[in-house]
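Some notes on the structure that comes next.
Both backbone and side-chain heavy atoms feed into the values below; hydrogens, waters and symmetry mates do not. Quick note: residue numbers are just sequence positions, from 1.
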Amino acid sequence: MKTQTEQRTGLLYGFGAYGMWGLVPLFWPLLKPSGAIEILAHRMVWSLAVVGVALLAMRRWGWIRELLRQPRKLALTTLAASVISVNWGLYIWAVNNGAVVEASLGYFINPLVTIAIGVLVLGERLRRAQWAAVGIGVAAVLVLAIGYGRPPWISLVLAFSFAAYGLIKKKLNMGGVESLAAETALLFLPALGYLLWLGAQGRSTFALDDPGHSWLLAATGLVTAIPLICFGAAAIRVPLSTLGLLQYLAPVFQFGLGVVYFHEAMPPERWAGFSLVWVALALLTWDALRTARRSRARLAKAGASAATAATAATTAATAATTATTAPATTASEAAVAAEVAGGAEVAGAVHGAPEPPPTVATPARGPA
């Protein structure tokens, strides 16, 4: 069971990760005229450079041998690398092609998809409020599909790919730096090969006359690595349901940037669809808070009962020990004691253990 300190640390990592992802749409347009695939390849190459420096500083290399000895874990890492590549590439393309709002919808839907994966893959049982939220989310997607004239495929692919990535990271249970290093190492050679091919074709934008553009492409390593390291650290410290709640931060920032900064259109049907999604998320949040309150109350009650039982057991053990070790009382002493006390009942009590004083159990404190 995770300690409270670990969970708090995980929450801080989660806030950092989703806050940075919420603001990242401001960065990708700076990389034009580079295309989405070229930017994606640079992300892979420079991310490995960043995490390699981090691993050198921390001197953490033992996990590599352990990973190579576990084919299942290596296969999951390869799958995670493939899934996140789809997510990265599509998101870059969406931002640089005027679809920031639709991309933000993908991360609004993502908590609902995460819950669905919890049911289908992990066998979790949903409460009524969660079922209602998922149903409202499905209705929202239908409304948006009618409004767009097509399914919001960008949103759906982003939502499902990132939910699947979170699930894989949960199963891997690796540190943030280590898991990102493994994923980018698997992606490094294909990405580098693509960049070299672009250069040979004269289509690479990395060697433009503007050195600032090259530095920005190299900075994709930092922009990619830092929030993903934070996310990986959060994923192994907090429950998957908590990650679903934290995911609200990123799409809120992205939606605001899409409407206010990028001035993307928001016709009535799009507002209607987004409103349904927000209702579903509000319902999920209310249900999560209510469940957390009830869980704390149950833990406090169980702790109080356990403390009372432990006190009673200790008292009984002390009484038994006293009865065993107490010196025998002579018959004459018993008679005198009985006469002084005024009855045979007290005489009988002399041969038994003294009655313990009443105790008051202190209720155990539940999780903060």
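- Counting only residues at least two apart or on different chains, no side-chain hydrogen bond (donor to acceptor under 3.5 Å, both in side chains) pair has a member in residues 21-33.
- Closest approach of V259 to M266, counting heavy atoms only: CG2-CG, 3.8 Å.
- The environment of CD1 in I37 is sparse: at most 12 heavy-atom neighbours from other residues, nucleotides or ligands sit within 6.0 Å.
- A94 approaches I154 most closely through the heavy-atom pair CB-CG2, 4.0 Å.
- Under the 4.5 Å side-chain criterion, counting only non-hydrogen atoms from C-beta, F108 is not in contact with S155.
- Under the 4.5 Å side-chain criterion, counting only non-hydrogen atoms from C-beta, L217 is in contact with T205.
- Looking at W153 and L90, their side chains come closer than 4.5 Å, going by heavy atoms from C-beta outward.
- Other members of a hydrophobic cluster containing F253 are absent, since no ILVMFWY side chain comes under 4.5 Å of it, directly or through relayed contacts.
- Screening residues 41-54 for side-chain hydrogen bond (donor to acceptor under 3.5 Å, both in side chains) gives H42-W46, R43-T224 as the qualifying pairs, with residues at least two apart or on separate chains.
- Residues A181 and L55 come closest through the heavy atom pair CB-CD1, 3.7 Å.
- In this view, R150 and E102 satisfy the salt bridge (charged side-chain N to carboxylate O under 4.0 Å, His left out) rule, not counting sequence neighbours.
- Applying the under-4.5 Å side-chain rule to Ile, Leu, Val, Met, Phe, Trp and Tyr, the cluster around L222 extends to M20, V50, I226.
- With contacts defined as side-chain heavy-atom distances shorter than 4.5 Å, the pair P29/V95 qualifies.
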Item to complete: Could you give me the CA-CA distance, side-chain angles and deciding distance for I92 and L31, then say whether side chain to side chain contact (heavy atoms under 4.5 Å, CB included) is met?
Response: CA-CA 10 Å; I92 295 169; L31 302 182; over 6 Å; no
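- Contact record, L76 with K171: CD1-CB, 4.4 Å, taken as the closest heavy-atom pair.
- Taking 4.5 Å as the limit, every side-chain heavy atom of M44 sits out of range of all side-chain heavy atoms of P190.
- I109 has its side chain out of reach of F160: every pair of non-hydrogen atoms, C-beta onward, lies at least 4.5 Å apart.
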Discussion item. Show, in sequence, the C-alpha distance, side-chain angles and deciding distance for Y261 and V100, and conclude whether the side chain to side chain contact (heavy atoms under 4.5 Å, CB included) test is met.
Written reply: CA-CA 10 Å; Y261 183 81; V100 176; over 6 Å; no
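- Closest heavy-atom contact between A129 and L283: O-CD2, 3.5 Å.
- Applying the side-chain hydrogen bond (donor to acceptor under 3.5 Å, both in side chains) rule to pairs touching residues 270-288 yields R127-D287, Y148-R270, D287-R290, sequence neighbours excluded.
- In this structure, the side chains of V83 and N87 stay at 4.5 Å or more apart for every pair of heavy atoms.
- Side-chain contact check for S204 versus L195: every heavy-atom pair is 4.5 Å or farther apart.
- Within 6.0 Å of CZ in F162 there are more than 12 heavy atoms belonging to other residues, nucleotides or ligands.
- When all heavy atoms of A225 and V51 are compared, the closest pair comes out as CB-CG1, 4.3 Å.
- Around OH of Y165, the count of heavy atoms belonging to other residues, nucleotides or ligands within 6.0 Å exceeds 12.
- Both L26 and Y91 are assigned to one and the same hydrophobic cluster, defined by single-linkage of ILVMFWY side chains at heavy-atom distances under 4.5 Å.
- Dense packing is recorded around CH2 of W197, with more than 12 heavy atoms of other residues, nucleotides or ligands lying under 6.0 Å away.
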